[in-house]
Structures are given as C-alpha cells and as structure tokens.
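The structure displayed is predicted, hence computed values, not measured ones. Both counts, for ligands and for their atoms, begin at 1 and track the order of listing.
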Amino acid sequence: MRRIRQSEGLRRLSQEAGVRKEDFILPVFIVPGKRRNEPVPSMPDVSRTSVDLLRKRMAETDVVAVLLFGVPDSSDKDEAGSMAVKDDGIIPSAIRAVKDERSDLVVITDVCMCAYTTHGHCGLLTQSGHVDNDGTLEVLAHMAEVHASEGADIVAPSAMMDGQIMAIREKLELSGFTNTAVMSYAAKFASSFYGPFRDAAQSAPSFGDRRSYQISPANRREAVRDALLDEEEGADWLMVKPGLPFLDVLAELRRATRLPIAAYQVSGEYAMLKHAAKAGALDERDAVLETAMCLKRAGADAIITYYAEDICKWIRY
Ligand code: PBG
C-alpha cells in the first residue's frame, strides 16, 4: 500500500474526496433591531446579529451560501408563532439585505416555528398540548411563500411535520414561485447536539421534547424511509442532521437517492471542536477540515457548518 503514498504528488493523485469552498453553507442567527452583535455563550466565536451587521459581513464573505435563522425577541413570540409569517419580519428583511448586497449569494431560509412560539415547539399546539401536524402545515407553507416572495433561493423546512414538503411545494406552485427549491431536513434526528443552537435561537421547548416529530438516533431505516417520502413529495434537496454521528445514514441515503444531499454539522458538533481546540487538545484547522472531508466522503454534496467562513479561508485556492 505504501507505494501509492510515497509523496505529496502521489497522494494527491489517489485522493478520493475533497472539499471546495463552494461546498459550504454558513448558518446565521438574525435578531431584530440595529447594531446588535450578541455572542452566543455556548458557541464561542458565533454571534447573533442584526440585519445591518449581517449585510456588512456578507459584503466581505467568501462563502457562497447562507442559511438564515430568525431569532425574534421574546416579547414578539406568541402561541401561534405569528411573527413567522409577517412580510416585514426578520427573515424577509434579511433576505432583501443579503440579496441587495450580494446577488450572487445563495440564500436558504429555515422554515420552522420553534423560535417564534412561546412554547418553543416546531408547530402549533392542540388544546391538549400535542403538536398539531396538519394545522401546522398551513403555517409552514405560508412562511415558505413569504420567504420565496422576498427572493430566497431555497426554503428549508426543519419542523419535521409529515407532509410539509408537499404542502410547501403546492403553495409555491400556486403562488407562482416555481423556481424556489425545497431543501428538506429529511433525516433530522432528536439529538442532544442541538443544545447550543437552542441557546443561540432561544428555541428550546418549554415543556416536553421533540421526540414525537424528530427521528430517534437509534433508527437508520426509519430515517432513510422518511427521506425517501420527502423525495416523493417533491423535495429538491435532502439533508442529514447532525453530521458526524450519522455518517452511516448519510452513506445509505447517498445510495438510496439521486437527489443532492446536505449534511448539517450542528451546533453541538461545532462546540465540541471549538472547545477541544481552545483547550489545546486538537489542531482546529486540521480537525475541522477532516470532519468536512469525512462528510463529503460519506456522501454529502454540501455541508452546513458554523465553520464555513473559516474553512473558506483555510482552503483558499
Ligand atoms: C429548528 C432547528 C434546530 C436546528 C436547526 N433548525 C433545533 C431543533 O430542532 O431543536 C439545530 C441546528 C444546530 O444545532 O446547529 N427546528
């Protein structure tokens, strides 16, 4: 085996997977108001920012795509998450600002209610406190329509309601947004690795958990089945989330579909790498690039990671 590993040139020739800066999507948390830059305590070097600061950052960024998360102030939340569908809400103004500053950037928006509801669940609640699947579909479809009308290239529903892809696709077709793509958080697991995100997005459920809608981390078959249903419903992209703990799911889904797949290196994975690097236990650049390469090797076409901007600098070519 060592004959093919003798020199850098030989090793490069036989290299299978690699990363390009076009592979990365940067998630950003957006708060209302102006000149707000609030560091997220559990995610060192990540901040929530207002639209004006986002705009400045986008003017200089090397990344080719962003995934926008709205983080309303708690006084703007209600039971029904009504801020999520406002035309003058946080995400509509963020989409406009990003597109105005950099029309070349691919804008993807998260479509979910958890940051907008007082109870922190990803959908509406029934009288008895259960998450109402079919009632939620209408809100998600409306939210996607608002994002599409402001110029989002891709809407990314993450609520894990059954039928959400079909509901959104139908709404987009009916309102004339035939070119807006849908990226389904198809294989989204009920993971403890979302902890820091819920801190950043202030979206932790106020009671219970998300296990009645997100997939059990024990279940690979069920995850592939869920993703293939989303393909049938009209998804343009599928996603596996979190990333590294679910490489087997990613590899299996790669074989089961011809759609492009995104892998989401989530907040907890980011925090593990960041804290280990800060403690001197890992070389940050090498470790992060290795995780990205491994996600590509397992079958990801694109990678969503809070390290996207660092990676684009590190691999400059
Ligand atoms: C919203 C949503 C979550 C994440 C992305 N979209 C949190 C959750 O489901 O609780 C997590 C992303 C991350 O941890 O980086 N439903």
Side-chain angles (χ1 to χ4, degrees), residues 24-30 40-48 66-72 77 81 83-84 90-91 108-117 119-125 131 133 136-137 139-140 143-144 147 154-162 164-165 168 182-217 223 226 237-246 262-275 288 291-292 295 302-308:
F24 295 93
I25 300 167
L26 176 73
V28 285
F29 300 109
I30 306 154
V40 178
S42 53
M43 300 176 74
D45 304 331
V46 171
S47 294
R48 292 183 285 257
V66 288
L67 171 58
L68 308 179
F69 290 97
V71 187
K77 300 186 187 201
M83 270 292 281
I90 308 172
I91 294 299
I108 310 172
T109 57
D110 187 74
V111 175
C112 186
M113 298 181 64
C114 60
Y116 298 89
T117 53
H119 47 76
H121 277 288
C122 299
L124 300 171
L125 298 185
V131 176
N133 193 86
T136 302
L137 297 182
V139 185
L140 296 174
M143 192 174 176
H147 296 177
I154 305 180
V155 291
S158 67
M160 290 295 285
M161 296 298 120
D162 287 338
Q164 62 183 10
I165 303 302
I168 289 173
V182 180
M183 177 185 280
S184 170
Y185 284 65
K188 177 171 176 181
F189 292 89
S191 171
S192 39
F193 289 97
Y194 307 150
F197 174 96
R198 292 179 189 167
D199 176 21
Q202 292 160 347
S203 65
S206 63
F207 67 92
D209 54 44
R210 305 210 197 289
R211 287 183 295 172
S212 82
Y213 38 104
Q214 300 180 350
I215 305 165
S216 162
D226 201 325
W237 276 83
L238 298 176
M239 189 195 300
V240 174
K241 173 190 178 187
L244 278 197
F246 298 93
Y264 198 145
Q265 179 170 67
V266 301
S267 57
E269 299 177 79
Y270 173 85
M272 286 201 300
L273 287 160
K274 188 55 102 178
H275 288 296
V288 170
T291 61
L295 290 163
I303 298 170
I304 303 165
T305 172
Y306 303 92
Y307 273 115

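- Nearest protein neighbour of atom 16 (N) of ligand 1, counting heavy atoms only, is Lys188 NZ, 2.9 Å.
- Smallest separation of non-hydrogen atoms from Leu124 and Thr136: N-OG1, 3.0 Å.
- Defined by atom type and a distance below 3.5 Å, a donor-acceptor pair is missing between the side-chain atoms of Thr291 and Glu269.
- Here is the list of ligand 1 atoms found below 4.0 Å of a heavy atom in Cys122: 16 (N).
- Ring geometry for Tyr306 versus Tyr264: interplanar angle of 30 to 60°, hence tilted.
- At a 4.0 Å heavy-atom cut-off, ligand 1 touches Cys112 through the side chain alone.
- Below 4.0 Å from some heavy atom of Asp110 lie the following atoms of ligand 1, by number and element: 6 (N).
- Residues Pro157 and Met183 approach most closely at CD-O, 3.2 Å, considering heavy atoms.
- Not close to ligand 1: Gln265, with no non-hydrogen atom less than 4.0 angstrom away.
- Here the shortest heavy-atom pairing between Thr117 and Lys77 reads O-CD, 3.7 Å.
- Protein heavy atom nearest atom 14 (O) of ligand 1, with residue, atom name and distance: Ser267 OG, 2.7 Å.
- The closest side-chain heavy-atom distance from Phe197 to Phe29 is below 4.5 Å.
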**Request:** Run the numbers on Asp110 and Tyr185 for side chain to side chain contact (heavy atoms under 4.5 Å, CB included), then give the verdict.
**Result:** CA-CA 9 Å; Asp110 187 74; Tyr185 284 65; 2.8 Å; yes
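- Near Cys114, with a cut-off below 4.0 Å to any heavy atom, the atoms of ligand 1 are 1 (C), 16 (N).
- Here the protein heavy atom with the shortest distance to atom 8 (C) of ligand 1 is Arg210 NE, 3.5 Å.
- Atom CE in Met43 sits 9.0 Å away from atom CG in Asp199 (nearest 0.5 Å).
- Residues Leu273 and Gln265 form a side-chain contact, since some pair of their non-hydrogen atoms from C-beta on lies under 4.5 Å apart.
- The shortest N or O to N or O distance between Ser203 and ligand 1 is not below 3.5 Å.
- Annotation: atom 6 (N) of ligand 1 to nearest protein heavy atom, Lys241 NZ, 3.3 Å.
- Distances from atom 3 (C) of ligand 1 to the heavy atoms of Phe189, Phe197, Tyr306 put Phe197 nearest.
- Residue-ligand proximity: Phe69 is placed with a non-hydrogen atom under 4.0 Å from ligand 1.
- Less than 4.0 angstrom separates some heavy atom of Tyr264 from each of these atoms of ligand 1: 12 (C), 15 (O).
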